[in-house]
Amino acid sequence: MPAAATDPTTPAPLVVAIDGPSGSGKSSVSKAVARELGLAYLDTGAMYRAATWWCVEQGVELTDADAVAAAVRVMPLVMGVDPAAPGVHVGGTDVGEAIRSTAITAAVSAVATNLDVRAELRRLQREAIDAERTGGFSQGRGMVAEGRDITTVVAPDADARVLLTASEEARLARRALEVHGEAGDAAVEATRDQVLRRDQDDSAVSQFHVAADGVVTVDSSALDFAQTVEAVLGVVREHANR
Ligand SMILES: Nc1ncnc2c1ncn2[C@@H]1O[C@H](COP(=O)(O)OP(=O)(O)OP(=O)(O)O)[C@@H](O)[C@H]1O
Ligand SMILES: Nc1ccn([C@H]2C[C@H](O)[C@@H](COP(=O)(O)O)O2)c(=O)n1
């Protein structure tokens, strides 16, 4: 029997992996890239944030590694993957705003450095990527997934892999502007824990400051948002012929 014919006009699914430190622009740039390419979008940081929210909600002590891992294994998490409106729901509750609170931001590294939690979320992340290779929101066009270990651990086989970086100064100023509406000295100082301390804690389990082999670094320190999106699209075009 002849092999089933594949439609030559249908492009193969495209998976784009983007990692980087806090405030480098991963979420905003990844969403724009996904929209431009008609792909689904997965914010894996939001999954770690949702896990933290869930544990707090369940009264689980975050220092109890086994209890945290057990709670995360039964977390009823639903991740939206539409880059125009990527919602996050846990047990039917919309937690999109709650997971960005200062309290969750300050606590999330304790959950993200739990290796059993990482194994469970990695499984869910690979499932989400695979679903977009064959159907899902993108109807098989593929996905942009972003976080700290997507290029190296979750999807080292992605078609294009980018490490999005920016200087500490640029990252602190961006976060200060976002959270406090200005980037003066006091606002920058107030964001230091959210950006630099968190990166230091998260570095214990993931390498996101230096590009692994085959991963292309895009340094956005001197680029505006539109230029950064264009630079990432350039990497995708070059590495995945899109
Ligand atoms: N190239 C850029 N130039 C200026 N501002 C930018 C640029 N890229 C992103 N931003 C802004 O910087 C802020 C942080 O971006 P974003 O939330 O996407 O970073 P992130 O890497 O996902 O951070 P985190 O990991 O902490 O969630 C946002 O306000 C975003 O609009
Ligand atoms: N693949 C990932 C994604 C995120 N994390 C950790 C690191 C952060 O502290 C936290 C929240 O991420 P953010 O929303 O700030 O991007 O989750 C990780 O360890 N691995």
Side-chain angles (χ1 to χ4, degrees), residues 16-36 41-49 52 83 86 96-97 99-113 144-154 160-236 238-239:
V16 179
I18 301 183
D19 286 328
S22 176
S24 60
K26 296 178 304 297
S27 305
S28 46
V29 170
S30 296
K31 271 186 265 191
V33 167
R35 290 180 78 160
E36 180 66 28
Y41 161 71
L42 186 66
D43 178 350
T44 64
M47 297 172 76
Y48 286 97
R49 287 172 179 272
T52 307
E97 239 178 69
I99 63 172
R100 309 279 162 202
S101 69
T102 311
I104 295 295
T105 300
V108 64
S109 297
V111 173
T113 51
V144 179
E146 55 97 354
R148 304 293 193 288
D149 61 348
I150 312 303
T151 62
T152 52
V153 177
V154 175
R161 294 185 294 153
V162 173
L163 182 75
L164 185 57
T165 62
S167 65
E168 270 185 21
E169 196 186 16
R171 294 189 289 115
L172 284 169
R174 286 174 191 171
R175 189 57 87 213
L177 198 61
E178 185 178 70
V179 177
H180 303 284
E182 48 112 357
D185 288 352
V188 164
E189 229 18 70
T191 59
R192 224 166 246 284
D193 179 75
Q194 287 192 24
V195 177
L196 302 185
R197 190 273 305 159
R198 206 151 56 90
D199 276 351
Q200 194 171 2
D201 289 357
D202 296 332
S203 298
V205 289
S206 307
Q207 166 56 279
F208 50 81
H209 286 293
V210 177
D213 275 359
V215 177
V216 180
T217 300
V218 171
D219 184 344
S220 71
S221 309
L223 305 180
D224 66 20
F225 181 74
Q227 289 169 329
T228 309
V229 172
E230 197 41 54
V232 172
L233 285 169
V235 175
V236 176
E238 192 182 328
H239 286 253

Determine the minimum heavy-atom distance between [X] and [Y], stating which atoms define it.
X	Y	value
Ala166	Ser221	CA-OG, 3.4 Å
Ala183	Ala173	CB-O, 3.8 Å
Val229	Ala32	CG2-CB, 3.8 Å
Asp149	Asp19	N-OD1, 3.2 Å
Arg175	Ser22	NH2-OG, 4.0 Å

To the nearest 0.5 Å, how far apart are [atom1] in [X] and [atom2] in [Y]?
X	Y	atom1	atom2	value
Ile150	Thr152	CD1	OG1	8.0 Å
Leu177	Glu182	CG	CD	8.5 Å
Glu168	Ser24	CD	OG	12.5 Å
Ser30	Leu42	OG	CG	10.0 Å
Leu163	Thr217	CG	OG1	5.0 Å
Leu196	Leu172	CG	CG	4.5 Å

Regarding Ser28 and Arg174, is there a side-chain donor-to-acceptor distance under 3.5 Å anywhere?
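Checked: Ser28/Arg174 side chains show no N/O donor-acceptor pair below 3.5 Å.
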Strictly distance-based, threshold 3.5 Å: is any side-chain N or O of [X] a donor or acceptor partner for the main-chain N or O of [Y]?
X	Y	result
Ser220	Thr165	yes
Ser101	Glu97	no
Asp224	Gln227	yes
Ser167	Ala170	yes

For residues [X] and [Y], determine if any side-chain heavy atom of one lies less than 4.5 Å from a side-chain heavy atom of the other.
X	Y	answer
Leu164	Glu146	no
Val162	Thr151	no
Thr44	Val154	no

For Glu36, does the CD atom have more than 12 heavy-atom neighbours from other residues, nucleotides or ligands under 6.0 Å away?
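12 or below, so no.
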When Asp43 is tested against each of Lys31, Lys26, Arg100 for salt bridge (charged side-chain N to carboxylate O under 4.0 Å, His left out), which residue passes?
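Testing Asp43 for a salt bridge (charged side-chain N to carboxylate O under 4.0 Å, His left out) against Lys31, Lys26, Arg100 leaves exactly one candidate, Arg100.
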Name each donor-acceptor pair under 3.5 Å that joins a side chain in residues 206-216 to protein atoms two or more places apart or in another chain, with its distance.
{"unit_1": "Ser206", "atom_1": "OG", "unit_2": "Arg118", "atom_2": "NH2", "d": "3.2"}
{"unit_1": "Gln207", "atom_1": "OE1", "unit_2": "His209", "atom_2": "N", "d": "2.9"}
{"unit_1": "Gln207", "atom_1": "OE1", "unit_2": "Val210", "atom_2": "N", "d": "3.2"}

Can you spot which of Val33, Val29, Val16 makes a side-chain contact (heavy atoms from CB on, under 4.5 Å) with Leu233?
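Exactly one pass, corresponding to Val33.
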Quick one: which residue pairs count as a salt bridge (Lys or Arg N to Asp or Glu O under 4.0 Å) with a foot in residues 198-208, not counting sequence neighbours?
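The answer is Arg171-Asp199, Arg197-Asp201.
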